[in-house]
2 protein chains.
Amino acid sequence: MVRVKSEAVREAILASAATEISANGYLDTTIGRIAKGAGIAPSNVYVYFVSKLEIYFAIYDPWFKDQFLALERRVKRQPTRDKKIRHLVQGILRDIAIDQTGYTAALMEALAAIKPKDKYRPDLLTWAENKIEQIILKSVGGYEAGDPRLKAFAHLLMLTFDGTALRVKALRANAQEDGTMDAVEDMLMAIISGSGHSV
Amino acid sequence: MVRVKSEAVREAILASAATEISANGYLDTTIGRIAKGAGIAPSNVYVYFVSKLEIYFAIYDPWFKDQFLALERRVKRQPTRDKKIRHLVQGILRDIAIDQTGYTAALMEALAAIKPKDKYRPDLLTWAENKIEQIILKSVGGYEAGDPRLKAFAHLLMLTFDGTALRVKALRANAQEDGTMDAVEDMLMAIISGSGHSV
DNA sequence: TTCAAAAACGAATACTATTCGGTATTGACA
DNA sequence: TGTCAATACCGAATAGTATTCGTTTTTGAA
């Protein structure tokens, strides 16, 4: 092997793509513009990534996990169980689903655009649901490991996450401004704070 | 006006599009194939519809409303309040979100593909949430009109609907086969059956 | 200094939704 | 019943996309 991929080029592609996706979403971000932003030819992008989808997830995956890890720390820091639960639910719905970068809105486009040949594996979703279980288990408390309600709650929360993000995308308004989202959050919080035996 | 649009052609377009969308989803359904199925030229499709998105909603809107109306009747028919609630939640998540026609999976693609110039109005989502409130109010019982918990529950249910449909699309598996979805449904049912004052 | 692997490039390729310019049809009116 | 203008309808653009291909250039090891 006599010529080696440039880490700088790879980073330039990711940086350019991140900017574009944040500004224009997934579908409207073109390989051409990513390449121009990175200072290379469009075809050269394919030396570093097999597809636009792969580029997107190379950006979204670490961002998403960082968000959850930061959330975990915030939850842990709360003084009361109620506050922990509130931070968990609101953090996921308000901060990650409705994020300022637009990465999650782009996720909806990316997921919708997936073709069978992309062989997408929902690792991120699994990871997130496991992380939610973990946060409740270790930082919120009140549940035993393996409690099936934990897995169900985590799934419900992530389904709600998807719906929230999708609506940001399609309605370009943070949905109901009338306090309905607050009430939805309350319902979700009630599920997890009520059901567990108290600490 | 001397020549009139043919109702037969309009129907042929819709029928062809419905078949295509059911088989290939929204993004992979092309105007060319819709036209071929309808026996007309692609450009002629635009005499009847302004865009592919409009064609899609001309199909999805009535289908979706029919599903909800049929669900409403089924719920009403149940003998006990618990069974009514169960049918409501499962009908939405199992029958409409994970439908056999693939129309709802296509909805996720259509929503994701929406551009600002499409000026999409989320009437359907609003309609569905109102209908859910109505069903609970009139067919399930236990709540007063205007109870804010109704609106919140309807919203939560539809967010879950979105998430479920999105996963069908992206994972092409009805998600968790391990009973987690059952537990999620139970959680949703508990919210609405527990909170209302009993009848 | 050489040289082959492979990065990088520009030009295809194969698609797409939608538009445009002309042609053919047809419903109202004479 | 014949005329004619509005417009359905058609085929050929247009503009835009992700990705691939053939070639040129670079570069790291020998």
Side-chain angles (χ1 to χ4, degrees), chain A residues 1-17 20-21 23-60 106 109-120, chain B residues 1-18 20-21 23-59 106 109-120:
Chain A
M1 172 164 44
V2 258
R3 196 174 172 182
V4 111
K5 287 194 211 336
S6 151
E7 190 56 32
V9 169
R10 191 190 145 87
E11 293 303 326
I13 292 171
L14 289 177
S16 171
E20 289 290 329
I21 289 169
N24 307 317
Y26 178 78
L27 292 174
D28 281 349
T29 288
T30 70
I31 296 288
R33 288 185 65 82
I34 292 173
K36 178 168 292 185
I40 60 174
S43 53
N44 201 29
V45 168
Y46 290 89
V47 170
Y48 292 85
F49 299 94
V50 304
S51 67
K52 191 167 92 166
L53 194 70
E54 187 181 289
I55 297 173
Y56 173 72
F57 277 107
I59 293 166
Y60 193 68
E109 301 178 68
L111 289 179
I114 284 175
K115 303 279 168 61
K117 65 153 198 163
D118 293 321
K119 29 188 168 28
Y120 167 73
Chain B
M1 170 167 44
V2 258
R3 195 173 173 184
V4 111
K5 288 194 213 331
S6 150
E7 190 56 31
V9 169
R10 192 190 144 86
E11 293 302 327
I13 292 171
L14 289 176
S16 171
E20 288 291 328
I21 289 169
N24 307 318
Y26 178 78
L27 292 174
D28 281 348
T29 288
T30 70
I31 296 288
R33 288 183 68 83
I34 292 173
K36 179 170 288 183
I40 59 174
S43 52
N44 201 30
V45 169
Y46 290 90
V47 170
Y48 292 85
F49 299 94
V50 304
S51 68
K52 192 167 92 168
L53 194 71
E54 186 181 287
I55 298 173
Y56 173 73
F57 277 107
I59 292 165
E109 301 178 68
L111 289 179
I114 284 176
K115 303 279 168 61
K117 65 153 197 164
D118 294 319
K119 31 187 168 25
Y120 166 73

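In what follows, every chain begins at residue 1, and chains take the letters A, B, ... in the order their sequences are listed. Hydrogens, waters and symmetry mates are skipped; everything else that's a heavy atom, side chains included, is used.
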Quiz item: In whole angstroms, how far is the P atom of D/dA18 from the CG atom of A/Leu27?
Solution: 10 Å

Self-check item: Geometric class of the B/Tyr56/B/Tyr26 ring pair [parallel <30°, tilted 30-60°, perpendicular >60°]
Solution: perpendicular

Quiz prompt | Side chains of B/Ile55 and B/Tyr48 in contact at under 4.5 Å (non-hydrogen atoms) | solution = no

Practice problem: Kindly compute the distance separating CD1 (A/Ile114) from CD (B/Glu109), expressed to the nearest 0.5 Å. | Solution: 10.5 Å

Exercise. Starting from C1' on C/dT18, measure out to OH on B/Tyr56 and report it in whole angstrom.
Key: 21 Å

Quiz item: Can you list every salt bridge (charged side-chain N to carboxylate O under 4.0 Å, His left out) pair that touches residues 38-49 of chain A, not counting sequence neighbours?
Solution: none

Quiz item: Heavy-atom contacts under 4.0 Å between residues 29-39 of chain A and DNA chain D, which residues?
Solution: A/Thr29, A/Thr30, A/Ile31

Self-check item: Length of the line joining B/Asp28:CG and D/dA18:P, which is rounded to integer Å
Solution: 15 Å

Quiz item: Can you pull the salt bridge (charged side-chain N to carboxylate O under 4.0 Å, His left out) pairs that have at least one residue in residues 27-39 of chain B, sequence neighbours excluded?
Solution: A/Lys115-B/Asp28, B/Glu20-B/Arg33

Quiz item: For A/Lys5 and D/dT27, what is the distance between atoms NZ and C1' respectively, to the nearest whole Å?
Solution: 14 Å

Quiz prompt | Interface residues of residues 42-53 of chain B with DNA chain C (non-hydrogen, below 4.0 angstrom) | solution = B/Ser43, B/Tyr46, B/Ser51, B/Lys52

Quiz item: Between atom CD1 in B/Ile40 and atom C1' in D/dC10, what is the gap in whole Å?
Solution: 10 Å

Exercise. Would you please name every residue forming a side-chain contact (heavy atoms from CB on, under 4.5 Å) with A/Ala38, sequence neighbours left out?
Key: A/Ala12, A/Ile13, A/Ser16, A/Ile40

Quiz prompt | Atom of A/Ile59, atom of A/Ala17 and distance for their closest heavy-atom approach | solution = CD1-CB, 3.6 Å

Quiz item: What integer distance in Å separates A/Arg3:CZ from C/dA8:C1'?
Solution: 6 Å

Quiz item: To the nearest Å, how far apart are B/Asn24 CG and C/dA17 P?
Solution: 12 Å

Practice problem: Take atom CD of A/Glu54 and atom C1' of D/dT19, then tell me their distance rounded to the nearest Å. | Solution: 14 Å

Self-check item: Separation of B/Ile31 CD1 from B/Asn44 CG (nearest 0.5 Å)
Solution: 11.5 Å

Quiz item: Who passes side chain to side chain donor-acceptor pair (under 3.5 Å) against A/Tyr60, sequence neighbours left out?
Solution: A/Thr104

